[in-house]
Each structure stands twice: as C-alpha cells, then as structure tokens.
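So the structure is just underneath, and the comments pick up after that.
Each chain gets a letter, A, B and so on, in the order the sequences are listed, and its residues count up from 1.
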Amino acid sequence: MPELPDVEGFKRYWARHASGHRVKEVRVSNPAIVRNTSPSALARALKGRRLERPSRHGKWMFAPAGGPILLLHFGMTGGLLWSRDESDRHRHDRLVLVLDGGEIRYRNMRMLGGAWLARDASQVGQITGELGPDAAVVDRPQLEELLADRRGGIKAALMNQGLIAGIGNELSDEILWQARIHPSAQVQGLGRRRLGALHRAMTDAIVESNRHGRIPRLDGWITSQRGVRDPRCPRCSSRLRRATIAGRTAYWCPRCQRH
DNA sequence: TCAGTTGTTTATAT
DNA sequence: AATATAAACAACTG
C-alpha cells in the first residue's frame with residue numbers, strides 16, 4: 001500500500017492526531033524495527049519532547065520532535081493508528097509513542113521499512129539515501145531533464161527513488177496506463193509528446209490520490225483491476241496483461257498502451 | 001500446500 | 001558505468 005499518496009495520508013493523520021502532543025513513553029515491541037539506534041536510545045531522545053508538524057519526501061515521513069527527528073518508512077504493509085488508550089494494541093504495532101491524550105502507533109505486519117532516529121535535519125539525507133525530487137512537485141521540464149539521459153524501461157525509471165521519489169508499483173502502473181505508455185517502453189524512445197502525456201498522468205494521478213490520502217481504487221483507474229479474477233481495461237474492456245516488469249508485477253492494457 | 005504481495009537492499013550478471 | 005535480475009527480509013492471504 002504505502003506509496004507517495006499513502007504516506008501523504010499518514011502525514012496528515014500524524015498532523016491531526018500526534019502533532020502538538022508531548023511524548024510520555026516510547027514502546028518498541030520488536031527492537032529490529034528501530035533501524036539505526038536502540039529502543040532505549042530512541043526513547044531517551046523522544047521522551048518529554050513535543051511533536052511538531054510532520055513532512056514527507058517520496059515514501060518517507062519525517063516527524064520532528066524539537067530537535068531529533070523520527071523517520072518512518074512504511075515498507076509494503078506499514079501504517080499509522082491513533083488510539084485513546086492501549087487496550088486495542090495489535091501484535092504488529094511495532095512502535096508506539098504514548099502521548100498525552102492517546103497514542104500513535106506504527107503498525108507493520110512485515111518487517112520491511114522501519115523507524116530511524118536523526119539527531120537533526122542534517123542527518124536525514126544519509127539515512128534516506130539518495131532521493132530524487134518528490135514526484136508531487138516535479139514539473140514537466142524537470143521530468144524531461146530527469147529522463148533525458150536515462151536508459152532502460154520507463155517503469156523502472158519511474159520507480160527509481162533516486163531519480164524521482166514516491167512512485168511505486170501500483171502508482172507507476174496507473175500513471176503509465178493513463179498516459180497510454182507500455183511499462184517496458186524504453187525511456188529514450190519517448191518523444192516530447194508522450195513525455196507530456198506522462199507528466200500529465202503523473203500529476204493527475206498523484207493530485208487525485210492525495211485528495212484521498214491513498215491510491216484510490218476508482219472505477220476508471222487500472223488499479224481497480226489489480227487482484228481481480230478477470231482484469232479488464234476500464235477504457236476499452238480489453239483483457240489486461242500481467243507480467244513481471246522491473247522486478248514487480250505490472251498490469252497493463254495491450255491495446256491502449258504502446259511501446 | 002504453495003504462490004503471491006503495495007518496498008528496498010544486496011549480490012550478480014550483462 | 002548503468003541497467004537488469006533475483007533473492008532476501010517477514011507474515012500474512014487466497
């Protein structure tokens with residue numbers, strides 16, 4: 001689930017429930033979820049601090065706490081939950097910040113992703129690694145520039161976080177379907193016209209998804225067909241193709257999407 | 001029982 | 001030097 005729009009939703013959720021509250025306790029049920037420090041050091045760094053407004057870059061969420069910053073990556077199955085008390089904690093609530101008035105929980109079934117602690121903003125970049133510009137703010141000239149000397153397939157390029165941050169498997173399928181571009185089309189084969197369509201689709205898909213705070217499964221979107229028994233193109237009703245492209249299961253319409 | 005899964009990193013191959 | 005591929009991580013679901 002967690003791609004750019006999902007993390008945008010988590011950020012808003014954090015802002016609504018956790019921001020402005022003071023950290024009373026830090027609970028870590030699985031120490032491995034804290035990636036670059038120990039649970040006790042994390043607790044020491046955060047306890048007593050007031051949580052500020054969160055921010056996001058790509059699939060990363062940053063939760064500043066008056067100096068130190070908590071970094072969250074949600075992997076494939078992560079999410080946040082707010083609760084007034086501890087009565088309904090789940091076994092996959094790997095990290096819980098007990099605040100005044102309730103608690104915010106980082107839940108993650110699989111252990112992909114996790115929590116990192118940065119001493120300050122200057123340390124954030126080395127934790128996230130190389131990230132391209134956030135996909136939500138890439139304008140058309142910048143997209144053309146990013147892809148100008150890129151070889152290989154377009155789906156791989158869109159999902160490369162070091163090139164453009166925030167697009168994952170589902171969002172890349174949606175963008176490419178909306179732009180009518182085949183997922184394995186070579187970047188160098190895309191003319192300016194198709195790059196324009198790509199940018200339009202990327203922007204539209206992200207703006208609409210961000211409104212929902214997640215990638216929606218809208219009737220007119222190809223993501224609505226993911227996982228169904230007989231997936232069909234919402235535009236032309238052709239049977240969708242499904243195959244591994246750039247290491248992930250891609251869905252596309254063989255009639256609408258061309259190389 | 002077994003394949004498949006929204007992400008990233010690592011190793012290996014091209 | 002880039003790009004591609006596969007495996008690994010963990011814990012589920014169908």
Side-chain angles (χ1 to χ4, degrees), chain A residues 1-11 28-36 56-61 71-80 90-95 106-116 124-132 134-135 146-177 182-190 205-206 209-210 212-218 221-231 240-252:
Chain A
M1 194 227 310
E3 301 184 32
L4 186 158
D6 308 284
V7 181
E8 181 68 21
F10 299 151
K11 185 192 82 177
V28 177
S29 64
N30 185 338
I33 205 69
V34 183
R35 302 294 193 179
N36 69 338
R56 181 192 61 72
H57 187 154
K59 302 172 189 173
W60 286 89
M61 198 194 96
L71 283 72
L72 295 178
H73 194 289
F74 298 89
M76 293 168 85
T77 56
L80 294 175
H90 187 276
R91 53 190 288 251
H92 296 143
D93 291 335
R94 314 290 186 176
L95 169 66
Y106 170 84
R107 181 174 296 183
N108 199 337
M109 180 182 75
R110 299 167 73 179
M111 292 292 287
L112 311 176
W116 285 253
V124 168
Q126 71 183 72
I127 294 171
T128 63
E130 184 78 7
L131 288 179
D134 189 83
L146 288 166
L147 296 177
D149 45 359
R150 178 83 197 181
R151 274 156 306 122
I154 184 61
K155 183 175 172 69
L158 289 179
M159 292 195 300
N160 185 323
Q161 302 303 297
L163 188 69
I164 308 170
I167 300 171
N169 192 30
E170 290 197 7
L171 198 48
S172 64
D173 276 359
E174 189 61 47
I175 290 167
L176 291 168
W177 177 77
H182 194 288
S184 55
Q186 294 300 113
V187 173
Q188 289 306 302
L190 300 175
I206 291 174
S209 294
N210 278 169
H212 295 262
R214 56 175 298 174
I215 302 173
R217 300 181 80 83
L218 299 173
W221 283 27
I222 196 177
T223 44
S224 67
Q225 299 299 303
R226 186 165 280 267
V228 309
R229 44 288 148 202
D230 182 28
L240 296 180
R241 299 289 301 279
R242 212 186 81 140
T244 298
I245 295 177
R248 313 303 304 280
T249 300
Y251 286 72
W252 75 95

_Mind checking if A:Gly247 touches a base, just sugar-phosphate, or nothing, with heavy atoms under 4.0 Å?_
nothing
*Sub-4.5 Å side-chain heavy-atom contact between A:His212 and A:Leu218*: yes
*Should A:Thr77 be listed as having a side-chain N or O under 4.0 Å from OP1 or OP2 of B:dT5?*
no
*Kindly indicate whether the side chain of A:Leu95, heavy atoms from C-beta on, has any atom under 4.5 Å from the side chain of A:Asn108.*
no
_Does a side-chain N or O of A:Arg226 approach OP1 or OP2 of B:dT5 to a distance below 4.0 Å, or not?_
no
*Check every strand shown and say whether A:Gly78 touches a base, only sugar-phosphate, or nothing at a heavy-atom separation below 4.0 Å.*
nothing
*Do A:Thr223 and A:Glu174 meet the criterion of a side-chain donor-acceptor pair at a distance under 3.5 Å?*
yes
Polar atom pairs (N or O), protein with nucleotides 11-14 of chain C, under 3.5 Å:
residue : atom : partner : partner atom : Å
C:dC12  : OP1  : A:Arg91 : NH1          : 2.6
C:dC12  : OP1  : A:His92 : NE2          : 3.0
C:dC12  : OP2  : A:Arg91 : NH1          : 2.9
C:dC12  : OP2  : A:Arg91 : NH2          : 3.1

*So which of A:Leu158, A:Ile206, A:Leu176 actually passes side-chain contact (heavy atoms from CB on, under 4.5 Å) with A:Leu171?*
A:Ile206
*Atom-pair distance (CE on A:Met159; P on C:dA4), nearest Å*: 10 Å
_Rounded distance in Å - CG (A:Asn169) to C1' (B:dT5)_ = 10 Å
_Between C1' on C:dA1 and CG on A:Asn160, what's the gap in Å once rounded to a whole number?_
14 Å
*Show your reasoning for whether side-chain contact (heavy atoms from CB on, under 4.5 Å) applies to A:Met61 and A:Phe74.*
CA-CA 9 Å; A:Met61 198 194 96; A:Phe74 298 89; 4.0 Å; yes
_Can you pull out every salt bridge (charged side-chain N to carboxylate O under 4.0 Å, His left out) where at least one residue sits in residues 152-162 of chain A? Sequence neighbours excluded, please._
A:Lys155-A:Asp173
*Consecutive-pair stems (at least three Watson-Crick or G-U pairs, under 3.5 Å) that include DNA chain B*: B:2-5 with C:11-14, B:7-14 with C:2-9
Distances under 3.5 Å between protein N/O atoms and the N/O atoms of nucleotides 10-14 of chain B, please, pair by pair.
none

*Drop me the distance from A:Glu170's CD to A:Glu3's CD, to the nearest 0.5 angstrom.*
5.5 Å
*Ignoring the backbone of A:Arg248, work out which of C:dT3, C:dA4, B:dG7 is nearest its side chain.*
B:dG7
_In whole Å, I'd like the distance from the CD atom of A:Glu130 to the P atom of B:dG7._
19 Å
*Quick one: A:Ile245 CD1 to B:dT5 C1', roughly how many Å, whole number?*
17 Å
_Atom-pair distance (CD on A:Glu170; C1' on B:dT5), nearest Å_ = 10 Å
_Residues which pass side-chain contact (heavy atoms from CB on, under 4.5 Å) with A:Pro31, listed by chain and number, not counting sequence neighbours_ = A:Pro39
_Nearest-0.5 Å distance that lies between atom OH in A:Tyr106 and atom CG in A:Leu80_ = 8.5 Å
*Could you tell me which residues satisfy ring pair (Phe, Tyr, Trp, His ring centres under 6.0 Å) with A:Trp177, sequence neighbours excluded, listed by chain and number?*
none
*P atoms of B:dT8 and C:dA1, separation to the nearest Å*: 25 Å
*In whole angstroms, how far is the P atom of B:dG7 from the CG atom of A:Leu4?*
12 Å
*asked:* Is the ring pair A:His73/A:Trp60 parallel, tilted or perpendicular, if the boundaries are 30 and 60 degrees?
replied: perpendicular
_Rounded distance (Å) that lies between atom C1' of C:dA2 and atom CG of A:Leu147_ = 15 Å
*Does a nitrogen or oxygen in the side chain of A:His73 sit under 4.0 Å from OP1 or OP2 of B:dT8?*
yes
*Which listed nucleotide (B:dT8, B:dT5, C:dC9) is nearest to the side chain of A:Leu112?*
C:dC9
*Does a side-chain N-to-carboxylate-O contact under 4.0 Å join A:Arg214 and A:Asp6?*
no
